[in-house]
Amino acid sequence: MAAAAAAVALSNGSSGDSKAEFAEIYNKLKQEMLEDPAFEFTDESLQWIDRMLDYNVLGGKCNRGLSVIDSYKILKGVDVLSKEETFLACTLGWCIEWLQAYFLVLDDIMDNSQTRRGQPCWFRVPQVGLIAVNDGIILRSHISRILQRHYKGKPYYVDLIDLFNEVEFKSASGQLLDLITTHEGEKDLTKYNLNVHRRIVQYKTSYYSFYLPVACALLLSGENLDNFGDVKNILVEMGTYFQVQDDYLDCFGDPEIIGKIGTDIEDNKCSWLVVQALEHANESQKRILFENYGKSDPESVANVKGLYKELNLEAVFHKYEKESYNKLIADIEAQPSKAVQKVLRSFLDKIYKREM
C-alpha cells in the first residue's frame, strides 16, 4: 500500500482530520528512519526498508494507534490538540503500529501462515523469505529510535521506554504459552482450560492492544501509571472479552461481515469455544472433540461445529457477554476520574456486540 493511501485503511473510530494527520505523520517517521545517521544505508537497503515498512506497518485498521489520539483528547478535555500535541500523540500511536507489525511479521513465520491483511505474509514474498526475521528486529529497533528522537528530554521518556519494554515482554511470553500449548503435531486437548486460555489472551493480546494505547495517553497527560492499576486491570479484562468475541465470531460469525473464514478448529487453537465445549461436554461428546478437533477436512470441522451447536455454546457466549459487559460498566463507573471513565467507555462502546 502506498503511504499516501494509509488513511483509507484506518478505522472509523476517529475523525477524518485525525486520520489524515495520522497518515501524514507516518510519512515523516518513515523518512526519518530512511535518513537515520546511525547506519550508512546503500540504495538497495533503503529501497528494502521503504518497501518493508509500507508492506507491514500499513494495511491494518490502525485502531491501536488512533486510540492514543482519541484517549489523549478525552483526558485533556479538548476536541482539537495543538500541533505539537498532535504530533506527539500520533507518533506514539505509530510506535504501537510498528510494534504490531513487528509481532505480526514474526508471528506469521512461527504459524507458517499464508496471508495477512489480504496479501501474502511478508516472509512469503519472493526474495524475502527468512530475511523477514531480521526485518522484524529492525521494526522493533525503529521504535527505540523514534522514542529517542522525539521524547528524550520529556519527563515521561523513561516511563515510555519501560512501558514498551514491559508490554513487549508480556506479549512475547503470551505468544510462547500459545505456541507450546498448541504445538503442531502434538495435539493434546487435555492442556486446554479456561485458565490457560485466559492467560494466553491477556498476555498475548490485551496488554498491547488495549492497555498500551491508554497508558501512552496517560503519560502524555503527565500522569503516573502507578496510580492507574485499576485502569490497567479493566483494559486487560476488556481485551479478554474482545478475544472471546473473536473466538466466537471465528465459528459463528458471517464471513461476509467479518471478512474472513475462521480456521480456529482446523488450526487446533486454544479458543474459548473449545475450552467451553470441554467444560460442558459428556464423555461421548468429548470423544467427538478429540477425534475431530485440529483436523482440516470439512467433515471433521462440521462435526466440531455441530457439537458446539448441540452444546448451545451460542447461548453460553451471550450469557458471558452480558455478564462481562455489566461487570466492566460497574468497574468503569467506580473510577474517580470522569475523563478516565469516558476513555474506558469509548473502548467498550467500540467492541460491545460487534459483528466483525
Side-chain angles (χ1 to χ4, degrees), residues 18 22 25-26 28-29 32-33 36 38 57 62-78 81-103 137 139-174 202-239 331-332 335-344 346-347:
S18 293
F22 196 62
I25 286 169
Y26 167 79
K28 175 177 171 57
L29 296 175
E32 288 176 351
M33 293 301 99
D36 196 319
V57 178
C62 292
N63 286 330
R64 297 166 184 83
L66 285 166
S67 293
V68 178
I69 309 160
D70 295 340
S71 300
Y72 187 38
K73 285 180 179 177
I74 294 170
L75 291 171
K76 286 187 66 69
V78 300
L81 299 170
S82 71
K83 189 171 183 179
E84 182 185 8
E85 288 170 337
T86 297
F87 178 79
L88 291 174
C90 287
T91 298
L92 282 185
W94 278 117
C95 284
I96 299 175
E97 295 300 326
W98 247 267
L99 187 71
Q100 161 86 336
Y102 155 59
F103 287 151
I137 296 169
L139 286 165
R140 177 59 182 94
S141 68
H142 279 181
I143 299 169
S144 300
R145 306 296 292 170
I146 293 169
L147 293 177
Q148 181 186 56
R149 178 176 286 110
H150 295 292
Y151 301 91
K152 192 171 184 180
K154 303 287 185 188
Y156 51 82
Y157 174 60
V158 173
D159 293 322
L160 272 179
I161 298 293
D162 287 346
L163 174 65
F164 273 87
N165 285 343
E166 179 189 354
V167 169
E168 181 188 10
F169 173 69
K170 289 180 184 296
S171 302
S173 299
Q202 283 184 347
Y203 287 99
K204 184 178 176 181
T205 303
S206 295
Y207 280 98
Y208 93 91
S209 295
F210 284 80
Y211 174 60
L212 182 56
V214 175
C216 285
L218 286 167
L219 289 175
L220 282 172
S221 302
E223 299 288 357
N224 184 336
L225 294 183
D226 291 340
N227 299 329
F228 292 89
D230 287 345
V231 172
K232 178 194 283 190
N233 293 337
I234 291 169
L235 287 161
V236 169
E237 282 299 316
M238 216 179 287
D331 290 344
I332 289 169
Q335 293 304 302
S337 165
K338 292 295 182 184
V340 168
Q341 285 187 29
K342 191 174 178 183
V343 168
L344 295 172
S346 74
F347 271 75

Trainee: Would a 4.5 Å heavy-atom cut-off, applied to side chains only, mark Leu225 and Asp159 as touching?
Mentor: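 Sidechains of Asp159 and Leu225: no contact.
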Trainee: Quick check: closest heavy atoms across Glu85 and Tyr72, and the distance to 0.1 Å?
Mentor: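 In terms of heavy atoms, the two residues are closest at CG-OH, 3.7 Å.
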Trainee: Could you tell me the separation between the CZ atom of Phe103 and the CZ atom of Arg140, rounded to the nearest 0.5 Å?
Mentor: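 Taking CZ in Phe103 and CZ in Arg140, the distance rounds to 8.0 Å.
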Trainee: With a 4.5 Å heavy-atom cut-off, do Leu88 and Lys154 have their side chains touching?
Mentor: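 The answer is yes, as the side chains (C-beta and beyond) meet within the 4.5 Å cut-off.
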Trainee: If I take atom CD1 from residue Ile96 and atom CG from residue Asn63, how far apart are they, to the nearest 0.5 angstrom?
Mentor: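 Ile96 CD1 to Asn63 CG: 11.5 Å, rounded to 0.5 Å.
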Trainee: State, with a plain yes or no, whether a side-chain heavy atom of Leu81 is found less than 4.5 Å away from one of Lys76.
Mentor: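 Contact flag for Leu81/Lys76 side chains = yes.
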Trainee: How long is the gap from CZ on Phe164 to CG on Leu160, to the nearest 0.5 Å?
Mentor: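 Atom-to-atom, Phe164:CZ and Leu160:CG are 6.5 Å apart.
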Trainee: With distance as the sole criterion, is a donor-acceptor pair present between the side chains of Glu97 and Tyr26 under 3.5 Å?
Mentor: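 Not at all, the side chains of Glu97 and Tyr26 share no donor-acceptor pair under 3.5 Å.
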Trainee: Would you mind reporting whether Ile146 and Trp94 have side-chain heavy atoms less than 4.5 Å apart?
Mentor: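 Trp94 vs Ile146: side chains apart.
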Trainee: For a 4.5 angstrom cut-off between non-hydrogen side-chain atoms, does Ile74 reach Ser346?
Mentor: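 Answer yes - side chains close enough.
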Trainee: Answer whether the closest heavy-atom distance between the side chains of Ile69 and Cys90 falls below 4.5 Å.
Mentor: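 The answer is yes, as the side chains (C-beta and beyond) meet within the 4.5 Å cut-off.
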Trainee: Kindly compute the distance separating CZ (Phe87) from CG (Leu92), expressed to the nearest 0.5 Å.
Mentor: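 Reported to 0.5 Å precision, the distance equals 9.5 Å.
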Trainee: Report yes if some heavy atom in the side chain of Gln202 is under 4.5 Å from a heavy atom in the side chain of Glu237; otherwise report no.
Mentor: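 A side-chain contact exists here, since the closest heavy-atom pair is under 4.5 Å.
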Trainee: For Tyr102 and Glu168, which heavy atoms make the closest approach, and how far apart are they?
Mentor: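 Heavy atoms only, the tightest pair is OH-OE2, 2.7 Å.
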Trainee: Run the side chain to side chain contact (heavy atoms under 4.5 Å, CB included) check on Val214 and Phe347 step by step: do they pass?
Mentor: CA-CA 10 Å; Val214 175; Phe347 271 75; 3.5 Å; yes
Trainee: Quick one: does any side-chain atom of Gln335 pair with a main-chain N or O of Gln341 as donor and acceptor, under 3.5 Å?
Mentor: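 Side chain of Gln335 to backbone of Gln341: no pair is present.
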Trainee: Within the 4.5 Å heavy-atom criterion, are Ile234 and Phe210 side-chain neighbours or not?
Mentor: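 The answer is no; the side chains never approach within 4.5 Å.
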Trainee: For Arg149, enumerate each residue passing the salt bridge (Lys or Arg N to Asp or Glu O under 4.0 Å) test, keeping only those at least two apart in sequence or located in another chain.
Mentor: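 Partners of Arg149 by the salt bridge (Lys or Arg N to Asp or Glu O under 4.0 Å) criterion, ordered by chain and then number, come out as Glu32, Asp36.
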Trainee: Take atom OH of Tyr203 as the centre, draw a 6.0 Å sphere, and report whether it contains more than 12 heavy atoms from other residues, nucleotides or ligands.
Mentor: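 No, not enclosed.
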